[in-house]
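Structure first, commentary second.
Since the model is a prediction, treat every value here as computed from it, not as a measurement. Only heavy atoms go into these numbers, but all of them, side chains included; no hydrogens, no water, no symmetry mates.
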Amino acid sequence: MWYSIFMKKRCAWCETNEGMIKYHDTIWGVPVFNDRQIFEFFVLDTFQAGLSWNIIWQKREGFKKAFANFDPKKVAQFKTAQVNRLLGDISIVRNRLKIHATINNAQKFLAVKKEYGTFAEYLWQFTNNKPIINKWQTMKQIPVSSKESDAMSKDLKVRGFKFVGTTICYAFMQGIGMVNDHVIECFRYSKINKTRL
C-alpha cells in the first residue's frame with residue numbers, strides 16, 4: 001500500500017505518515033461551504049496555534065467527541081463543568097485558553113451566522129466568493145499569510161473571535177479551500193481546480 005501511495009507526486013509536507021497523506025489527498029484545499037465543517041476547521045485551527053497540524057489531525061476524533069460533534073450551538077453553551085471535563089480529556093490538547101476561546105468563538109460564530117444567514121456567506125466574501133488559485137512551483141514559495149487572511153483576521157478580531165491571527169487564518173483558508181496552495185506538480189492541484197469550475 002505504501003508503494004502505491006508514494007507513486008503519486010504530492011506536496012512534500014504531507015509525506016510524514018499515512019494519515020497526513022490521506023488528509024492531503026482528500027480534504028486539504030477542497031472548497032467547503034458547509035457551516036458545520038467550517039466550524040470543525042475553526043476549532044481545530046484554534047488548537048493548532050503553536051503546534052503542528054499533524055498533532056491536531058491525529059486527535060481529530062477526540063476533538064469531535066469533546067466538542068459535541070462540532071455543533072456550534074452546543075459548544076456555545078458549554079459551562080464550567082464542560083471546561084473542567086475538557087481539561088481532563090487526554091484525547092484533545094488540554095489548553096485552558098484555547099478551550100475558552102473555542103466556546104467564545106462558537107458564540108461569535110452563531111452571531112455571524114445570524115447576521116449573514118450562513119457563516120460561509122460571511123467567510124467567502126474575503127476571496128470574492130471564489131477560491132484563490134495560486135501557482136507555486138515549490139513549497140518555499142507558499143506564504144504563511146496574505147492580504148485576504150490579514151483582512152479576515154482583522155474583522156474576526158473586531159467581532160470578538162480569539163486565536164484568529166493572520167497566520168492561523170491563512171492555514172484555515174488553505175484547509176477549507178479558499179486558496180489552492182498545492183504546488184503545481186502535485187496531482188491534487190489540477191484535480192481541485194477542475195472541481196471549482
inquiry  = For a side chain to side chain contact (heavy atoms under 4.5 Å, CB included) check, start with the C-alpha distance between K9 and C186, then their side-chain angles and the critical distance, and finish with the verdict.
reply    = CA-CA 5 Å; K9 198 71 175 179; C186 174; 5.9 Å; no

Any side-chain donor near an acceptor of the partner, [X] and [Y], under 3.5 Å:
X    : Y    : result
T166 : D150 : yes
N54  : N17  : yes
S145 : T167 : no

How close do [X] and [Y] get, counting heavy atoms only, and between which atoms?
X    : Y    : value
A68  : V75  : CB-CG2, 4.5 Å
K73  : Q77  : O-CG, 3.5 Å
A101 : K162 : CB-CB, 3.7 Å
P131 : G177 : CB-O, 3.5 Å
W28  : G175 : CD1-CA, 3.8 Å

request  = Show your reasoning for whether side chain to side chain contact (heavy atoms under 4.5 Å, CB included) applies to M178 and I132.
outcome  = CA-CA 6 Å; M178 293 180 74; I132 296 170; over 6 Å; no

How many angstroms lie between [atom1] in [X] and [atom2] in [Y], if you round to the nearest 0.5 Å?
X    : Y    : atom1 : atom2 : result
C11  : E185 : SG    : CD    : 8.5 Å
K65  : E61  : NZ    : CD    : 6.5 Å
E40  : D71  : CD    : CG    : 12.5 Å
F126 : S146 : CZ    : OG    : 11.0 Å
D181 : N134 : CG    : CG    : 5.0 Å

Side chains of [X] and [Y]: does their closest heavy-atom pair fall under 4.5 Å?
X    : Y    : result
N180 : Y189 : yes
I176 : L123 : yes
R36  : N69  : yes
E115 : R159 : yes
L156 : C169 : yes
M173 : T127 : yes
T46  : I168 : no
R85  : Q82  : yes

Residues in side-chain contact (heavy atoms from CB on, under 4.5 Å) with [X], at least two apart?
X    : value
N129 : W124
Q137 : Q141, I184
K22  : T26

ask   = For the hydrophobic clusters of this structure (ILVMFWY residues joined by side-chain heavy atoms under 4.5 Å, transitively), does one cluster hold both F187 and V183?
value =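 No, it is not one cluster - the side chains of F187 and V183 are not joined through contacts under 4.5 Å.
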
request  = Using the rule that two of Ile, Leu, Val, Met, Phe, Trp, Tyr join whenever any of their side-chain heavy atoms come within less than 4.5 Å, decide whether I103 and L110 are in one cluster.
outcome  =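 Shared cluster, no.
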
query = For the ring pair F41 and F172, is the centre-to-centre distance below 6.0 Å?
reply =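 Here the rings of F172 and F41 have centres that are no less than 6.0 Å from each other.
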
request  = Could you list all the ring pair (Phe, Tyr, Trp, His ring centres under 6.0 Å) pairs where at least one residue sits in residues 56-77, not counting sequence neighbours?
outcome  =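 Sorted pair list: Y23-W57, F47-F63, F47-F67, W53-W57.
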
inquiry  = Tell me which pairs pass ring pair (Phe, Tyr, Trp, His ring centres under 6.0 Å) where either residue lies in residues 133-171, with sequence neighbours left out.
reply    =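 As it turns out, the ring pair (Phe, Tyr, Trp, His ring centres under 6.0 Å) pairs with a partner in residues 133-171, which skip direct neighbours, are F42-F161.
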
ask   = Can K8 and E15 be counted as an ion pair, charged N to O under 4.0 angstrom?
value =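 No.
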
task = Could you tell me whether R10 and D25 have a side-chain N and a carboxylate O separated by less than 4.0 Å?
result =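 Salt bridge present between R10 and D25.
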
Main-chain N/O of [Y] paired with [X] side-chain donor or acceptor, under 3.5 Å:
X    : Y    : value
D89  : S91  : yes
Q125 : Y122 : yes
N105 : V43  : no
N34  : Q37  : yes
D35  : A120 : yes

Worked verdict on F78 versus L86 for side chain to side chain contact (heavy atoms under 4.5 Å, CB included) = CA-CA 10 Å; F78 279 13; L86 292 171; 4.1 Å; yes

query = Would one find more than 12 heavy atoms of other residues, nucleotides or ligands at under 6.0 Å from atom NZ of K64?
reply =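 No, the 6.0 Å shell around NZ holds no more than 12 heavy atoms from other groups.
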
ask   = Would you say E121 has more than 12 foreign heavy atoms packed within less than 6.0 Å of its CD?
value =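 Counting other residues, nucleotides and ligands, CD of E121 stays at 12 neighbours or fewer.
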
task = Please assess Q48 against I55 for the test side chain to side chain contact (heavy atoms under 4.5 Å, CB included), listing each intermediate value before the final yes or no.
result = CA-CA 8 Å; Q48 193 247 335; I55 291 172; over 6 Å; no

query = Which residue pairs satisfy the side chain to side chain donor-acceptor pair (under 3.5 Å) criterion with at least one member in residues 93-102, sequence neighbours excluded?
reply =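 Those involving residues 93-102 do not exist here.
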
inquiry  = So, applying side-chain hydrogen bond (donor to acceptor under 3.5 Å, both in side chains) with H182, which one of R188, H24, Q174 is it?
reply    =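 Answer after filtering R188, H24, Q174: H24.
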
